[in-house]
Amino acid sequence: MLSAHYSIPLPADYDMARIRDRVAAKAAPWDTRAGLLLKAFCVTEAESGDGHNSYAPFYVWADTAEFSSFLTGGEYAGLCSAFGPVPVRTGTVIQLSTGSGPVAHLVAQSEELGPVTDLREAAELERERHRAALRDPAVHSHVTELDPVTMTVTRRTLLRAGHDAPQPKSGARVLRVLHLSSPPLPTN
């Protein structure tokens, strides 16, 4: 599995209704997108106290060929046409649990591991953190990803609708989720 995300910074006076309209118009095909496990259409909004405006989707792909199809197809071309070049960061998913029902927020926190040459201990620690995160009833889904280029672990927690936005802890980023696509997995 592969994670992918990007964050498009937008001016402080940007009309975020344009992003909400864009998501409303483009989300439905993602609800059935082949090869995709989930896509969280996320934003930050200056007017709600986030400090800045951004559009920042997050994906988990089960099929890397479908991710390649996204990057080389019309979906990514349309994104770049609307916003200019959009660098996409990727990671290897090392822990994943997905829930059901509506979500309201995504909390992302990254941690550099340093010059690690043996990831077994780090992987076990992440398994424990993952299990602990899932014990919180507010947690809808939890994803842990590794960027092997920078040796950085990022934990992304989707929080169920009906829970208040958490106060960001040091180094954490809290985003509002406008829509969550989680296509059904194909059955054999």
Aromatic contact between Tyr59 and Phe67, with the criterion being ring centroids under 6.0 Å apart: yes or no?
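No.
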Hey, could you give me the [atom1]/[atom2] distance between [X] and [Y], rounded to the nearest 0.5 Å?
{"X": "Leu180", "Y": "Ser141", "atom1": "CG", "atom2": "OG", "value": "6.5 Å"}
{"X": "Leu96", "Y": "Ser3", "atom1": "CG", "atom2": "OG", "value": "10.0 Å"}
{"X": "Leu119", "Y": "Leu113", "atom1": "CG", "atom2": "CG", "value": "6.5 Å"}
{"X": "Ile94", "Y": "Arg155", "atom1": "CD1", "atom2": "CZ", "value": "8.5 Å"}
{"X": "Asp136", "Y": "His142", "atom1": "CG", "atom2": "NE2", "value": "10.0 Å"}
{"X": "Arg33", "Y": "Ser182", "atom1": "CZ", "atom2": "OG", "value": "15.0 Å"}

Side chain to side chain contact (heavy atoms under 4.5 Å, CB included) between Thr92 and Glu145, intermediate numbers included:
CA-CA 5 Å; Thr92 299; Glu145 63 194 74; over 6 Å; no
Cluster check Leu125, Val143: I/L/V/M/F/W/Y, side chain < 4.5 angstrom
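No, no single cluster joins them.
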Is there a side-chain contact between [X] and [Y], using heavy atoms and a 4.5 Å cut-off?
{"X": "Val86", "Y": "Ile8", "result": "yes"}
{"X": "Leu146", "Y": "Thr154", "result": "no"}
{"X": "Met1", "Y": "Leu37", "result": "yes"}
{"X": "Leu178", "Y": "Ile19", "result": "yes"}
{"X": "Leu175", "Y": "His105", "result": "no"}
{"X": "Cys42", "Y": "Arg176", "result": "no"}
{"X": "His52", "Y": "Thr44", "result": "yes"}
{"X": "Val107", "Y": "Leu159", "result": "yes"}

Under 30°, 30 to 60°, or over 60°: which ring-plane class applies to [X] and [Y], parallel, tilted or perpendicular?
{"X": "His5", "Y": "Phe58", "answer": "tilted"}
{"X": "Tyr6", "Y": "Tyr55", "answer": "perpendicular"}
{"X": "Tyr76", "Y": "Phe70", "answer": "perpendicular"}

Might you point out which heavy atoms bring [X] and [Y] nearest each other, and give the distance in Å?
{"X": "Ala34", "Y": "Glu66", "value": "O-CG, 3.4 Å"}
{"X": "Arg22", "Y": "Gly78", "value": "NH2-O, 4.0 Å"}
{"X": "Pro85", "Y": "Pro87", "value": "O-CD, 3.7 Å"}
{"X": "Val177", "Y": "Leu106", "value": "CG2-N, 3.8 Å"}
{"X": "Ser97", "Y": "His130", "value": "OG-NE2, 3.0 Å"}
{"X": "Gly114", "Y": "Met151", "value": "O-CB, 3.6 Å"}

Spell out, as yes or no, whether a donor-acceptor pair under 3.5 Å connects the side chain of Ser81 to the backbone of Ala77.
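Not at all, since once roles are kept as given, no pair shorter than 3.5 Å links the two residues.
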Within the side chain of Asn53, is there an N or O that forms a donor-acceptor pair under 3.5 Å with the backbone of Leu10?
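Not a single qualifying donor-acceptor pair exists.
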Do Gln95 and Thr144 have side-chain N/O donor and acceptor atoms under 3.5 Å apart?
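No donor-acceptor contact under 3.5 Å links the two side chains.
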Are Arg173 and Ser54 linked by a side-chain donor-acceptor pair shorter than 3.5 Å?
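Short answer, yes.
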Could you go through Val139 and Leu158, starting from their C-alpha distance and side-chain angles, then the distance that decides it, and tell me whether this counts as side chain to side chain contact (heavy atoms under 4.5 Å, CB included)?
CA-CA 6 Å; Val139 171; Leu158 288 159; over 6 Å; no
Electrostatic pair [X]:[Y] at N-O distance under 4.0 angstrom:
{"X": "Glu111", "Y": "Arg129", "result": "yes"}
{"X": "Arg131", "Y": "Glu124", "result": "yes"}
{"X": "Arg20", "Y": "Glu45", "result": "yes"}

If you apply the rule salt bridge (charged side-chain N to carboxylate O under 4.0 Å, His left out), what do you find for Glu75 with Lys26, and how did you get there?
CA-CA 10 Å; Glu75 295 154 325; Lys26 296 187 178 284; over 6 Å; no
List the steps and the verdict of side-chain hydrogen bond (donor to acceptor under 3.5 Å, both in side chains) for Ser181 and Asp31.
CA-CA 5 Å; Ser181 292; Asp31 294 340; 2.6 Å; yes
